[in-house]
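These notes are about the structure you will find just below.
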Amino acid sequence: MGMVSNIREKVDVCVVGAGHAGCEAALACARLGLETVIFTVSVDSIALMPCNPNIGGSSKGHLVREVDALGGEMGKVIDSTFIQSKMLNVSKGPAVHSLRAQADKAEYTRQMRNVLENQEHLTIKQAEVCELLWKQEEDKKVVTGVKTFTGAVYECGAVILCTGTYLKARCLCGESITYTGPNGLQAANYLTDSLKEMGIELRRFKTGTPARMDGRSIDYTKMEEQLGDPVVVPFSFSTDPESVQKPQVSCWLTYTNEQTHEIIRGNLDRSPIYAGIIEGTGPRYCPSIEDKVVKFADKDRHQVFIEPEGLHTNEMYVGGMSSSLPEDVQLAMYRTVPGLEHCKIVRNAYAIEYDCISARQLYPTLEFKEVKGLFSGGQFNGSSGYEEAAAQGLVAGINAAMSLMGREPLILDRSESYIGVLIDDLVTKDNREPYRMMTSRAEYRLLLRQDNADLRLGKKGYEVGLVSGEQYDRLLMKEQMIQQEICRLKSSIMGANQKMQEFLQAHGSSSLKTAVSLAELICRPELDYQILSEIDLERKPLPRDVIEQVEIEIKYEGYIQRQMRQVEQYKKMEKKKIPQDLDYDDISSLRLEARQKLKEFRPISLGQASRISGVSPADISVLLIYLEHRIRENK
């Protein structure tokens, strides 16, 4: 260990790591009035984007919106630093629309750091945390502080681990291995041992990143130009939509080909993944190009996106071609791609391996079951992605604060948010690879749209104390406007007169036999709110976001109501709490496997128990009967 420093400080919360999770965790605690220190191995790496230069994307856009609705920061910062923005999946229904923005990488980091530096109650400290301090109380360990490499001690009531990919990190590029964090930054090599001593179980995951190229060496004429949206929709509900209408940069699309795949196949023996040097498990949904070529052998080409890293750099990110092949193979492989024939690599692609935990050791609050006061968020929990990290960081930060303030924890469930789905999947499933959010993982995705995140979660953000009274009043007004307009449309009846029939005919809509409401007309696929303005003479001007909600609620009413009934059923199971001291060995009719799994997980509700793999519906019935019996006996 390092020198022995005599510094001892007392604070409320220590946040370890200043990536996307750490930033949200620290801001949440400081904004709730707790003295917070955020530690980073390098102040220059605050909110760094070591991989793709973008925020959002399919289902991740939902997470950013939810973070914003709860009072987090990510959405605001990307709104002021994006260089291209696009709503994805617009040809499909509103449930899967997702916003994605290219970031100016350096600007994003600078602005987030600026927010942290000017936040009251928040101190930034460049230091490596090497040890957690704790004491044993009755049946639990309790966190008392952290110790840095120099020996400085910070006493605190809660620690939030947001170490990302830095713990015992090593980067692999072919045969060359460096023991560093992402981007050649210093790795954190000591904390792992301290966690193991506390009985925390660690595992090894890996992820990778593609090369960055000199934009001047790329021939864009051989690629398809990808433009941003003509009208940009902001991420944050507090951003003025006018402020985000600005000139955007282009991205470019090209493809690999058979020649690219030949080079990769011919050099697989030099890839650390296939040569067995990497022990870590990689992400299934973001595979390296060598993985794609091996697993999808029948595909003759893969998409490659060329994305600018910022306005003040020539570096271009090569999306879709992450790799850990040696440098010479990388260059040969990239140069077979149309437009990259003469490319120059600024930074090589590499894979990174790191220590993380199985999040099954956590409660849904993201606190460790065995260690009071120790919380964990982000990639260290076995997830991948900046947005997944920010969401967990925010929840861990809020719950660390709630626990120190003696208030109720914030537990979001699967029926109210993507964040709820993300955390529930992490803490109840055995994720054997880095977890990535996808719309298909959310059972109630028609209710959990990115467009209504504020209506779903704004109240919770306000109750926690991260959303101001003024913002909350605006939200209540918006809710009221939506409801009033839906009522008006349902009660405005249109007669089957000549003028009406002509209007319908002009829009390719079938004529009326009897009078109908405006709401019924909006339900017709060929009509919408906008088109009806010429016959809806009572209409008053409304904000665009209100109109959007009115239209979705009316058009999808039947589906939405059906999903709400499913949620009712789900909520009944979630409300049935399981006592934490329940002895599963007492329940003789439980199958052995179920008993083992339930003992290992200690679920907090029947709902959570029902999602554990190895626990069958029959086991849940047994458990339900046992719990009801127990309640009757205790009366």
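Counting heavy atoms of neighbouring residues, nucleotides and ligands inside a 6.0 Å radius, atom CD of Q563 exceeds 12 of them. By the 6.0 Å contact criterion, OH on Y220 is enclosed, its count of non-hydrogen atoms from other residues, nucleotides or ligands being greater than 12. In this structure, K344 places its NZ atom where only 12 or fewer heavy-atom neighbours from other residues, nucleotides or ligands lie under 6.0 Å away. Open room surrounds NZ on K125; 12 or fewer heavy atoms of other groups in view lie less than 6.0 Å from it.
Partners of E201 under the salt bridge (charged side-chain N to carboxylate O under 4.0 Å, His left out) rule, at least two apart in sequence or in another chain, do not exist in this structure. The side-chain contact (heavy atoms from CB on, under 4.5 Å) test applied to V329 returns I263, N267, R270, L325, P326, not counting sequence neighbours. Listed by chain and residue number, F82 satisfy the side-chain contact (heavy atoms from CB on, under 4.5 Å) test with K246 (two or more places apart in sequence, or in another chain).
Between V15 and C162, the closest side-chain pair of non-hydrogen atoms falls below 4.5 Å. Side-chain contact between E600 and R360 is present, with heavy atoms from C-beta onward closer than 4.5 Å. The side-chain heavy atoms of T439 and H62, taken from C-beta on, include a pair separated by under 4.5 Å. The closest side-chain heavy-atom distance from R212 to I345 is not below 4.5 Å. Between Y317 and C51, the closest side-chain pair of non-hydrogen atoms falls below 4.5 Å. Residues C251 and P308 are in side-chain contact: their nearest non-hydrogen atoms beyond the backbone lie under 4.5 Å apart. Side-chain contact between C130 and L191 is absent, with no heavy-atom pair separated by less than 4.5 Å. Within the 4.5 Å cutoff, no side-chain heavy atoms of T148 are placed close to those of E128.
Look at D355 and K196 and you find no salt bridge, because none of the NZ, NE, NH1 or NH2 atoms lies under 4.0 Å from a carboxylate O. Comment: D430 engages R203 in a salt bridge, judged by a side-chain N to carboxylate O separation of less than 4.0 angstrom. Electrostatic pairing of E258 and R265 counts as a salt bridge here, judged by a charged N lying under 4.0 Å from a carboxylate O. A salt bridge is absent between E353 and K206: the closest approach of a Lys/Arg side-chain nitrogen to an acidic carboxylate oxygen does not fall below 4.0 angstrom. The pair E388-R436 does not count as a salt bridge, with every side-chain nitrogen at least 4.0 angstrom from each carboxylate oxygen. Between D425 and R414 a salt bridge is recorded (basic side-chain N to carboxylate O distance below 4.0 Å).
By the 6.0 Å and 45° rule, R65 stacks over the aromatic ring of F237. No cation-pi contact links R456 to Y418, judged by a cut-off of 6.0 Å to the six-membered ring centre and 45° from its axis.
Side-chain atoms of T109 come within 3.5 Å of backbone N or O of K105 as a donor-acceptor pair. Between the side chain of Q361 and the backbone N or O of S358 there is at least one donor-acceptor pair closer than 3.5 Å. Proximity of a side-chain donor or acceptor of E66 to a complementary backbone N or O of L457 within less than 3.5 Å is not detected. Listed for the E24 side chain is a donor-acceptor partner under 3.5 Å among the backbone atoms of M74. One N or O on the side chain of T254 and one on the backbone of P338 form a donor-acceptor pair closer than 3.5 Å. Of the possible polar contacts, one joining the S288 side chain to the D291 backbone as a donor-acceptor pair under 3.5 Å is found.
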> Does the salt bridge (charged side-chain N to carboxylate O under 4.0 Å, His left out) test come out yes or no for D193 and K168, once each step is laid out?
Replying inline: CA-CA 10 Å; D193 298 335; K168 291 237 158 109; 3.3 Å; yes
> So Y190 and F149, ring pair (Phe, Tyr, Trp, His ring centres under 6.0 Å) or not? Walk me through it.
Replying inline: CA-CA 8 Å; Y190 300 97; F149 185 74; 5.4 Å; yes
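Between H302 and H261, the angle of the ring planes lies from 30° to 60°, which puts this pair in the tilted group.
What you find for P234 and L99 is that their closest heavy atoms are O-CD2, 3.6 Å. Nearest heavy atoms, F368 versus S376: CE1-CB, 3.7 Å. Counting all heavy atoms, side chain and backbone alike, Q392 lies closest to G378 at OE1-N, 3.1 Å.
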